[in-house]
*Asks:* 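First, the structure itself, so that you have it in front of you.
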Amino acid sequence: MRAFPWDEAMRFGFGVLRLSSREFWGLTPRELAAAFEARAGRARGVAPGREVLGRLMAAFPDEVK
């Protein structure tokens, strides 16, 4: 499991949404996700980028028989 991306969340909350510290830290993760989706749209159905695909291929190589 990947750790929560706090750096990205703070950049979005403070930089994009321009929230104060009090407002940002008062949000629940679900509220922050909803704000992100409202701004950027849902990520469902989006194909992974080349970098992510490369990592997945390295982690789960095809077996040659």
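Everything quoted here is computed from the prediction, not taken from an experiment.
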*Asks:* Can you tell me how far apart CZ (Arg22) and CG (Leu27) are? Round to the nearest 0.5 Å.
*Replies:*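 Rounded to the nearest 0.5 Å, the CZ-CG separation comes to 13.0 Å.
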*Asks:* Atom CZ of residue position Phe60 - does it have more than 12 heavy atoms of other residues, nucleotides or ligands inside 6.0 Å?
*Replies:*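 Count not over threshold, so no.
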*Asks:* What is the minimum heavy-atom distance between Glu23 and Arg18, and which atoms define it?
*Replies:*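 Here Glu23 and Arg18 meet closest at OE1-O, 4.4 Å.
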*Asks:* Parallel, tilted or perpendicular: which one describes the rings of Phe14 and Phe24, with boundaries at 30° and 60°?
*Replies:*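 Because their plane-to-plane angle lies in the 30° to 60° range, the rings of Phe14 and Phe24 count as tilted.
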*Asks:* Group every Ile, Leu, Val, Met, Phe, Trp and Tyr by side-chain heavy-atom contacts under 4.5 Å, then state whether Leu32 and Trp25 land in the same group.
*Replies:*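 They do share one cluster, since a chain of ILVMFWY contacts under 4.5 Å joins Leu32 to Trp25.
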*Asks:* When you look at CZ of Phe36, are more than 12 heavy atoms from neighbouring residues, nucleotides or ligands closer to it than 6.0 Å?
*Replies:*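 No, the 6.0 Å shell around CZ holds no more than 12 heavy atoms from other groups.
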